[in-house]
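Some notes on the structure that comes next.
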Protein chains: 2
Amino acid sequence: MKVTIYDVAKEAKVSIATVSNVINKKGRIGEKTRRRVYDAMEKLNYEPNVLASALMGKQTKTIGLLIPDLANPFFSELARSIEDRGHELGYSIVICSTDYQEEKENKYISLLKQKRVDGFIFASGFEKQSRLEELMQEDIPIAIVARDYPNFAVNAVALDDYMGGYLAADYLIKLGHKKIGIVALDVYSNRERIRGFKDAMSEHGLKFIHDIELIEDIKQSHLDAGRNVAKKYLQYDDKPTALFACNDLLAIGAIQAARRSGLYVPNDISIVGFDNTSIASIVDPPLTTMSQPIQLMGREVMDLIISIFKGERDDHVRVTLAPTLVERDSTRTI
Amino acid sequence: MKVTIYDVAKEAKVSIATVSNVINKKGRIGEKTRRRVYDAMEKLNYEPNVLASALMGKQTKTIGLLIPDLANPFFSELARSIEDRGHELGYSIVICSTDYQEEKENKYISLLKQKRVDGFIFASGFEKQSRLEELMQEDIPIAIVARDYPNFAVNAVALDDYMGGYLAADYLIKLGHKKIGIVALDVYSNRERIRGFKDAMSEHGLKFIHDIELIEDIKQSHLDAGRNVAKKYLQYDDKPTALFACNDLLAIGAIQAARRSGLYVPNDISIVGFDNTSIASIVDPPLTTMSQPIQLMGREVMDLIISIFKGERDDHVRVTLAPTLVERDSTRTI
DNA sequence: TTGAAAGCGGTACCAG
DNA sequence: CTGGTACCGCTTTCAA
């Protein structure tokens, strides 16, 4: 059978209270007693039962992470960085993919609550605000990552989307582009990016020559979506010389569309992506893209939620990270 | 405070034992009592505490999954399919990335044991056999996926690697290729694939015209590795007309190497990959590749480990899945 | 059919 | 410094 604290106590000829104390380094304990207990634990190969101690009010050292889809490279890389930081700090991560479905999200939240996770990290892209408020009311620590809630006081680490759009535009304009198109999903963060993009253009006295059509069905294949939107742009007589896509997959779709219309990237048209996921450097041509500091984001949310555990903050923080441009070969001066 | 079974009992004016019974659908319970209990649970918004019931010997409904790297698309897709099947069956998955390091593997195993996971799924690529044996001796259910242990009795679901190699060769030979090179890591499964490949060639009276150099450093960038190996092949006077790469990243590296030598894929050289990860269809040209049934593999291991929980097997099974060729545009007849 | 009570493996308070 | 003991929230006999 499993060896318990009682077995250790018996072996070390002390009480279970003492064993518990040496494990948790609490109270004053004699050096020789401590040694005896450690030896006993060693000898019996004792593994403390986290469940039992969690029952007594201690942490489960487990955090729930809700993301839209673990198979999506952006989220798997983010999950990896959260996992890494979590493990450094002694926490395990249980990951749930919601597929943007409220139903799944509710189910997983309830499941993880039953398992008494210490807190939740949301990167889901869905998260009904009311659901988050419920959790906060129950005093369950939550943190948001890679997703911003305007006008809602939560702990969050997010990218400065406005700045991302601004920088992308600035770059393209410096390259000499004046006619630029946008390929983007209809979600909050993309609208922010576009706002930044537009502002940068205005500062240079430029504006969009075509209407921007946001992609509304965010569940469809981004590759296809990117292809379709780009295709439309390429059919104009007055076609753009550059395209700004709000994620890498969209950008790759745009590259494919260009190629199918007999256009070469970057010679005939420049394309910049967003995210800098691992595929950006793999495709041909390697993608110029706005890089999200995924590693850092993961690390920051983890640190954020832990600081909540420790009660170091009862106010709400919003950590905003800056994107940087990674220049590869899908763009050139005009 | 959290609502417990006592609160429910009080609200429903029954004992906690009765509440427990209705939750677990055990014992005979009067219809009206059952209703009262359900109503009380509903009213109080009761969430059973999984920890407490696990402490009493029930399952934690949590499974540990050890993989080399969650940021690697193959493993994140696999993890996703395991997660999906797990959730269907009421299990949560906690994922740990080992980076092929024994040290991390040990740490995570120990951590998850303390948290009393119901079992382990290994896709780690490291897994010291002795460590697995230890777990089995402690009667902790384990299952292996996407990794085969010859001569070791464990429950496993794996790909028929030999067949994968055989089919790839067969395909290339039917396309008219006679001079073929291999780009592969020095791991067990790849050696199996090569064995199958070689056998298929023999059957057609063919053999390798160059020595096969396996990539020994499996932690380096597969893209770089693929590029380097391919480059060597392309420097021969008598260069191959086709390359078989043992994973997609390697194949993409090979495509890049070809392009840098001024060769076009598939016109000048055909390249087939392995795995059929999502990037295979994204790159240019879309990759012809041996597809691993990742969805199915995830589903199968999950079902396998659950059948162990249920005690439906004390013997060991090895489920072997067949790969299939997905033909895209990186290959052509010669 | 329902309830009382003894654990499961720890923690923490209070005596000694 | 160390030990006794009352819980934590739930499951499981065993009686009633």
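Letters A, B, ... are given to chains in the order of the sequence lines, protein chains preceding strands, and every chain is numbered from 1.
Taking atom CG of B/D7 as the reference point, atom C1' of D/dC8 lies 13 Å away to the nearest angstrom. The distance from atom NZ of B/K2 to atom P of D/dC8 is 15 Å, rounded to the nearest whole Å. Atom CG in A/N21 sits about 14 Å away from atom P in C/dC14, given to the nearest Å. Note: CD1 (B/I5) to C1' (D/dC10) measures 6 Å, nearest angstrom. In this structure, CG of A/L55 is placed 11 Å from P of D/dT11, rounded to the nearest angstrom. The distance between atom CD1 of B/I29 and atom P of C/dT2, rounded to the nearest whole Å, is 6 Å. Rounded to whole angstrom, the span from the CD atom of B/E47 across to the C1' atom of D/dG9 amounts to 14 Å. The CG-P distance, from B/L51 to C/dT11, rounds to 14 Å in whole Å.
Counted within 6.0 Å of CD on A/E312, heavy atoms from surrounding residues, nucleotides or ligands total more than 12; the atom is thus considered enclosed. The environment of A/K43 atom NZ is sparse: at most 12 non-hydrogen atoms of other residues, nucleotides or ligands sit within 6.0 angstrom.
Here B/G57 lies out of heavy-atom contact (under 4.0 Å) with every strand. Within 4.0 Å (heavy atoms only), A/V14 reaches sugar-phosphate atoms of the nucleic acid but no base atom. Counting any heavy atom pair closer than 4.0 Å across all strands shown, B/I16 reaches a base atom. Counting non-hydrogen atoms under 4.0 angstrom, A/V50 reaches nothing in the nucleic acid. Using a 4.0 Å heavy-atom cutoff across all strands shown, B/T4 reaches sugar-phosphate atoms only and no base atom. At the heavy-atom level, A/N24 lies under 4.0 Å from the strands shown only through sugar-phosphate atoms.
Taking side-chain N and O atoms only, B/Y46 has a distance below 4.0 Å to OP1 or OP2 of D/dC10. Taking side-chain N and O atoms only, B/S20 has a distance below 4.0 Å to OP1 or OP2 of D/dT11.
Distances from the side chain of A/A17 to the nucleotides D/dG4, D/dT11, C/dG3 place D/dG4 closest. In this structure, the nucleotide among D/dC10, D/dC8, D/dG3 sitting nearest to the side chain of A/T18 is D/dG3. Counting only heavy atoms from C-beta on, B/K58 has its side chain closest to D/dT11 among D/dG9, D/dG3, D/dT11.
Using modelled atom types, one finds a donor on one side chain and an acceptor on the other under 3.5 Å when comparing B/E77 with B/S278. Residues A/T60 and A/D118 bring a donor and an acceptor atom of their side chains to less than 3.5 Å of each other. Checked by atom type, the side-chain pair B/K115/A/S92 shows a donor-acceptor distance below 3.5 Å.
Across the interface with DNA chain C, nearest-nucleotide mapping of B/A52 and B/S15 shows B/S15 to be the residue nearer the 5′ end.
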